[in-house]
Colleague: 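Following this message is one structure expressed as structure tokens.
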Amino acid sequence: MMELKPLNSVPSIKPPPGHYLFPTLNPPEKTLTFHKFLVLFLTFIAYAAFHASRKPPSIVKSVLGPEIKAHNGTDSTIVATGWAPFEGASGPHRLGELDLAFLLAYSIGMYFAGHIGDNIDLRIFLTVGMLGSGVLVIAFGLGYFLDVHWLSFFLIVQILCGLFQSIGWPCVVAVMGNWFGKAKRGLIMGVWNSNTSIGNIIGSLVASSVLSFGWGWSFVLPGLFILVVAALIYMFLVVSPDHIGLEVASKEIEMNVEGVALVGSETGEVEEEGAGAIGFLQAWGLPGVAPFAFCLFFSKLVAYTFLYWLPFYLRQTVVAGVQLSHKNAGILSTVFDIGGVIGGVLAGVTSDIIEARGVTSIVFLLLSIPSLLFYRIYGSVSMFTSIALMLISGALVNGPYSLITTAVSADLGTQSLIKGNSRALATVSAIIDGTGSVGAALGPLLAGYISTRGWNSVFVMLVLSIFIASLFLIPIVKNEIKGKLNEGKWLWISAFKR
């Protein structure tokens, strides 16, 4: 299954610089298993660093924007505090527009980043994305130290940062695809995909801990963190086993864009020579593409609304009669991400056991509806109920992510029209995740506008979005259940004949 080749037998491929500084990292001193764990760690921490650098805007919202004080749980008064141009009644709108600028640039960049990465060194491309992201996150924080109050400055920084951030996911999943196969994909991706939640937790804790020194520091430290991780990636990340003289007999899985594992060349199956990418409209017509694309649109809308607005919501909400400080609201918001880690692993393991990823996804989504309603109604009763309900909501909202995207790839991989055609799969995957990223951009923007009318309206939007996302999964779930029933029927017939 695995052959060891001398490094000088592949002169066109150079190992990363760290392998020259530390020769013992090369085979045969280090085995394939060691390098798999190293790649798993490096790609995990790399994307965690990306997400850590995305958290500061949500943490500082309550400082940049105006105070919103509720009276009798219904009416609200906006106090003109904050940082110009985000103070005053229109402050939440401007903050929502910042989120939109970042996420739209991110979604547009996602369509191109995967294809660019196919043609250049992924290690270099990933390093560039991390360096650009780190510099721009720090630049946003410099707005505090330089006393900048121009909305255009913050918008431009967010747009450029979104473009650089879009490089991250296509690169790390492509590297993972070079090293890992399809076995127990739900479990592996469930564990590995927790990098987003872990990154959110790191970013929230770091940004919150220095918020009292000035909101600029909440950007500078996560920016420096991603720059340090970028140096590790440049020095030590091995993109593919053959770059260090290791050869895996078959490449079982190829991954391209966010959350979507692309079924590529499997054992005994060779990609058709000369196969090209199918057309954009033709890809939309493939079975399963439109339902999953729109499902991801609405589910990402919900997840990213929490990502960007939960600390602000906690700051404006009275818990057990006490209003949380800016710092405590940011720290408490990490509970939602801890739930996301648990939910991702639990959903992955469950789907591996029952072998029905669509069923698992829709169950998680439907259960998240009452959990969000309970959180809105009872989350302010006590700190215990707030933490418990936030943990459950985080697990149920974030859990289906890896399953939805994995189910898409598994479904597409069985279609005769694109079987063995990884370029066609890349086109389909870009459509699905690009559509999901548009939803991610829309959610925080809507929350910024709707929150001024009351948080009950925001939660109605979230619940409605989850319900619509679930509706798009119904055809997939029906096919899975039908397949399970037919499988059981044939097993019963076979047993009866014996």
Colleague: Between Lys55 (side chain only) and Leu307 (backbone N and O only), is there a donor and an acceptor less than 3.5 Å apart?
Modeller: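 It does hold such a pair.
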
Colleague: Using a 3.5 Å distance criterion without hydrogens, assess whether the side chain of Ser218 forms a donor-acceptor pair with backbone atoms of Ala207.
Modeller: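 Present.
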
Colleague: Check for a donor-acceptor pair, side chain of Ser166 on one end and backbone N or O of Leu163 on the other, with a separation under 3.5 Å.
Modeller: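 Judged by distance alone, yes, a pair lies under 3.5 Å.
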
Colleague: If the test is side chain to side chain contact (heavy atoms under 4.5 Å, CB included), which one of Ile124, Val39, Asp121 qualifies with Val239?
Modeller: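 Result: among Ile124, Val39, Asp121, Asp121 is the only option passing the side chain to side chain contact (heavy atoms under 4.5 Å, CB included) with Val239.
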
Colleague: Is the number of heavy atoms from other residues, nucleotides or ligands under 6.0 Å of Lys327 NZ greater than 12?
Modeller: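 Check fails, neighbour count at 12 or below.
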
Colleague: Between the side chains of Asp99 and Arg54, is the shortest nitrogen-to-carboxylate-oxygen separation below 4.0 Å, so that they form an ion pair?
Modeller: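 A salt bridge is absent here (no side-chain N lies under 4.0 Å from a carboxylate O).
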
Colleague: Would you say His35's side chain and Leu25's backbone share a donor-acceptor pair under 3.5 angstrom?
Modeller: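 Side chain of His35 to backbone of Leu25, a donor-acceptor pair under 3.5 Å: yes, one is there.
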
Colleague: Hey, does the side chain of Gln165 reach the backbone of Gly129 with a donor-acceptor pair shorter than 3.5 angstrom?
Modeller: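 Not at all, since once roles are kept as given, no pair shorter than 3.5 Å links the two residues.
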
Colleague: Within the side chain of Lys484, is there an N or O that forms a donor-acceptor pair under 3.5 Å with the backbone of Ile354?
Modeller: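 Yes: the side chain of Lys484 pairs with the backbone of Ile354.
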
Colleague: So Phe50 and Tyr47, would you call those rings parallel, tilted or perpendicular, with 30° and 60° as cut-offs?
Modeller: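 If you compare the ring of Phe50 with that of Tyr47, the planes turn out tilted.
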
Colleague: Which heavy atom of Leu396 sits nearest a heavy atom of Ser368, and at what distance?
Modeller: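 Scanning both residues completely, I find the closest heavy atoms to be CB-CB, 3.6 Å.
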
Colleague: Shortest non-hydrogen contact from Pro15 to Tyr20?
Modeller: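 So the minimum-distance heavy-atom pair works out to CD-OH, 3.2 Å.
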
Colleague: Return yes when atom CZ of Phe225 has more than 12 non-hydrogen atoms of other residues, nucleotides or ligands closer than 6.0 Å, and no otherwise.
Modeller: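 Counting neighbours around CZ of Phe225, more than 12 heavy atoms of other residues, nucleotides or ligands fall under 6.0 Å, so yes.
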
Colleague: In Å and rounded to the nearest 0.5 Å, what is the CG to OG1 distance from Leu310 to Thr334?
Modeller: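 Spacing of CG (Leu310) from OG1 (Thr334) equals 9.5 Å.
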
Colleague: Could you give the distance from CD1 (Ile387) to CD1 (Ile392), rounded to the nearest 0.5 Å?
Modeller: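 The CD1 atom of Ile387 sits 12.0 Å away from the CD1 atom of Ile392.
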
Colleague: For residues Val137 and Ser53, report the shortest heavy-atom separation together with the two atoms involved.
Modeller: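 Scanning both residues completely, I find the closest heavy atoms to be CG2-O, 3.7 Å.
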
Colleague: Using 0.5 Å steps for rounding, measure from the CG atom of Leu103 to the NZ atom of Lys300.
Modeller: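 Those atoms lie 8.5 Å apart.
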
Colleague: Nearest 0.5 angstrom please: Ile202 CD1 to Leu221 CG, how far?
Modeller: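 Reported value, rounded in 0.5 Å steps: 13.0 Å.
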
Colleague: Considering all heavy atoms of both residues, which atom of Thr385 and which atom of Gly379 are nearest to each other, and what is their separation?
Modeller: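 Where Thr385 meets Gly379 most closely, the heavy atoms are OG1-O, 4.1 Å.
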
Colleague: Where the side chain of Ser386 meets the backbone of Met383, is there a donor-acceptor pair that is under 3.5 Å apart?
Modeller: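 No.
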
Colleague: Output yes when a side-chain donor or acceptor of Asn195 lies under 3.5 Å from a complementary backbone atom of Ala46, and no otherwise.
Modeller: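 Not a single qualifying donor-acceptor pair exists.
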
Colleague: Evaluate the ring planes of Phe154 and Phe140, with Trp represented by its six-membered ring, and classify them as parallel (under 30°), tilted (30 to 60°) or perpendicular (over 60°).
Modeller: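 Aromatic pair Phe154/Phe140 classed tilted.
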
Colleague: side-chain contact (heavy atoms from CB on, under 4.5 Å) for Ile59 and Ser204? Distances and angles first, verdict last.
Modeller: CA-CA 7 Å; Ile59 298 299; Ser204 297; 4.0 Å; yes

Colleague: Atom CH2 in Trp217, atom OG in Ser212: separation rounded to 0.5 Å?
Modeller: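 Answer for the CH2-OG pair, Trp217 versus Ser212, is 12.0 Å.
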
Colleague: Are the side chain of Gln158 and the backbone N or O of Ala101 linked by a donor-acceptor pair below 3.5 Å?
Modeller: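 Not at all, since once roles are kept as given, no pair shorter than 3.5 Å links the two residues.
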
Colleague: Would you say the ring centroid of Trp169 lies under 6.0 angstrom from that of Trp192?
Modeller: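 Yes - the distance between ring centres of Trp169 and Trp192 falls below the 6.0 Å cut-off.
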
Colleague: Around atom CZ of Phe37, are there more than 12 heavy atoms of other residues, nucleotides or ligands at under 6.0 Å?
Modeller: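 Open: at most 12 neighbouring heavy atoms sit under 6.0 Å from CZ of Phe37.
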
Colleague: Taking all non-hydrogen atoms of both residues into account, name the closest pair between Arg315 and Ala329 and its distance.
Modeller: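 For Arg315 and Ala329, the tightest heavy-atom pair comes out as N-CB, 3.8 Å.
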
Colleague: How are the rings of Phe306 and Phe336 set relative to one another: parallel (under 30°), tilted (30 to 60°) or perpendicular (over 60°)?
Modeller: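 If you compare the ring of Phe306 with that of Phe336, the planes turn out parallel.
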
Colleague: Minimum heavy-atom separation for Gly358 to Leu473, with atom names?
Modeller: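 In this case the closest contact between Gly358 and Leu473 is O-CD1, 4.4 Å.
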
Colleague: Would a distance-only check, ignoring hydrogens and angles, find a side-chain to backbone donor-acceptor pair under 3.5 Å from Arg123 to Val238?
Modeller: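 No, because the side chain of Arg123 does not come within donor-acceptor range (under 3.5 Å) of the backbone of Val238.
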
Colleague: Will you find, in the side chains of Thr196 and His51, an N or O donor that is under 3.5 Å from an N or O acceptor?
Modeller: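 Per modelled atom types, Thr196 and His51 side chains form no pair under 3.5 Å.
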
Colleague: With sequence neighbours left out, write down each residue that passes side-chain contact (heavy atoms from CB on, under 4.5 Å) with Ser240, or none if nothing qualifies.
Modeller: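 If we apply the side-chain contact (heavy atoms from CB on, under 4.5 Å) test to Ser240, skipping adjacent residues, the hits are Asn178, Asp242, His243.
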
Colleague: Would you kindly say whether Ser58 and Lys61 are connected by a side-chain donor-acceptor distance under 3.5 Å?
Modeller: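 The criterion, which ignores hydrogens and geometry beyond distance, is not satisfied for Lys61 and Ser58.
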
